Amino acid sequence: MQKIIQPNNIEVAASLLKAGEVVAVPTETVYGLAADIANPRAVMQVFATKSRPSNHPLIVHISNTEQLSKYAINIPDYAWRLAQQFWPGPLTLVLSKSTRVGDWVTGGQDTVGIRMPNHPLTLKLIELVGSPLAAPSANRFGKISPTQVEHVIAEFGDSIHVLDGGHCEVGIESTIIDATEEGACTILRPGMINIDAIKAVLGSNILVKEPTQHSKKVSGTMQSHYAPHKPTYLFNSIDELEAIIAEHNVNIYGLILSDEYARLCEQSYKMSSIPADYAQALYNALRTADNSNCNIIVIECPQMSKNWAAILDRLKRSTYKSAVSC
Ligand code: TXA
Ligand code: MG
């Protein structure tokens, strides 16, 4: 059977999910590896396919806001305001779970991460299945998230079906907010909806906290994540780049913002200086670099600012095992 399902065959994807199969689906952030949340065996298959530890909870993807009150309880007012403002979109709310959400989805936790993705195909798919879809990013555990159908195929070959929804528009994973507390919320994972956008919706009555060591564990917040196979280094200046070149003396692939650095690399990918465009291209650039015949990857570090916070977070995690220099 053809493993890539075209949009006009979306009913095929719905039938597979209803029959308990795992299907990779497009969202505006990254592709997800989806299963019907009501089917424990299918959800277990998601964990097995990804080689993901079973205590790492999955995000539940819904297609309308009524489902929020079906699958979560004790929802603070401010969480409704965030949902209203940002859904469908790249925001996940962690809330107390209702009994409709099985332990197999949440890794035994009493909370559930819920989001409404902004992709017309997946919204329609959830409606056709008649049940929300549990989906982590469709990559092997700890590796680079997929933003194109080809990336999903590169991860899993033809072992799973994938619904073709084109290139993901946002390009990095959703902002995750712990909204279980009244009067305060915590950003567990930064995303392209940044802290200022959240504060603008919540006003001064709700405290917006950044994560601490004691915050709930999020697998994408482990120090090493989103990692290419090749050693990957961040640099800030020509001196740092030259030091990396001198130390390794191998072929280099650069993810480069400034043209002046490209001539020092055997191959390079020109990155945009606009955060939204940079984020959209990032995982494809990392995969292209990883698949090249160069031996190491160097990444020019973007400036520190709130608009770059989520990108810097991903860059630091994808370079953790090598070195962090910015
Ligand atoms: O943009 C996204 O969020 C993508 C698309 C497919 O929706 N999904 C995604 O899923 O990035 P995943 O599993 O790769 O990352 C979701 C993160 C995990 O690190 C998980 O630990 C965290 O969300 N998470 C899920 N439920 C949680 C909960 N109840 N409490 C704390 N963290 C939770
Ligand atoms: Mg992931």
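Nothing here was measured: the structure is a model prediction, and the numbers come from that model. One is the number of the first residue; the rest follow in order along the sequence. Order of listing sets the numbers, starting from 1, for every ligand and every atom in it.
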| query | In the single-linkage hydrophobic clustering (I, L, V, M, F, W, Y; side-chain heavy atoms under 4.5 Å), do Ile73 and Tyr78 co-cluster? | reply |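 As far as the 4.5 Å side-chain criterion goes, Tyr78 and Ile73 are not connected within one cluster.
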| note | A student comparing Ala134, Pro57, Gly32 should find that the heavy atom closest to atom 26 (N) of ligand 1 comes from Pro57
Between [X] and ligand 1, find which residue part has any heavy-atom pair under 4.0 Å and reply side chain, backbone, both or neither.
| X | result |
| --- | --- |
| Arg115 | side chain |
| Glu173 | both |
| Thr106 | neither |

Contacting atoms of ligand 1, where contact means under 4.0 angstrom from a heavy atom of [X]:
| X | answer |
| --- | --- |
| Thr111 | 28 (C), 29 (N), 30 (N) |
| Ser174 | 1 (O), 2 (C), 3 (O) |
| Arg189 | 2 (C), 3 (O), 9 (C), 11 (O), 15 (O), 16 (C), 17 (C) |
| Arg52 | 12 (P), 13 (O), 14 (O), 18 (C), 20 (C) |
| Thr29 | 1 (O), 2 (C), 4 (C), 5 (C) |
| His61 | 5 (C), 6 (C), 7 (O) |
| Val112 | 29 (N) |
| Ile176 | 17 (C), 22 (C), 23 (O) |

Considering residues, nucleotides and ligands other than [X], do more than 12 of their heavy atoms fall under 6.0 Å from its [atom1]?
| X | atom1 | answer |
| --- | --- | --- |
| Asn8 | CG | yes |
| Gln267 | CD | yes |
| Asp103 | CG | yes |

| query | Between Ser51 and Phe141, is there a donor-acceptor pair closer than 3.5 Å when you use the side chain of the first and the backbone of the second? | reply | no
| request: Verify, without hydrogens or angle tests, whether Asp290 (side chain) and Lys230 (backbone) share a donor-acceptor contact under 3.5 angstrom. | output: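 Checking the backbone N and O of Lys230 against the side chain of Asp290, a donor-acceptor pair under 3.5 Å is found.
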| note | Between the CH2 atom in Trp104 and the CZ atom in Phe47, the distance rounded to the nearest 0.5 Å is 12.0 Å
| request: Report the C-alpha separation of Val23 and Leu125 in whole Å, then their side-chain angles, then the decisive distance to 0.1 Å, and conclude whether the side chain to side chain contact (heavy atoms under 4.5 Å, CB included) test is met. | output: CA-CA 11 Å; Val23 178; Leu125 186 62; 5.5 Å; no
| request: Just say parallel, tilted or perpendicular for the rings of Tyr226 and Tyr283, cut-offs at 30° and 60°. | output: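 Tyr226 and Tyr283: parallel rings.
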| Would you say Asn139 has an N, O or S atom lying under 2.8 Å from the Mg ion (ligand 2)? | no
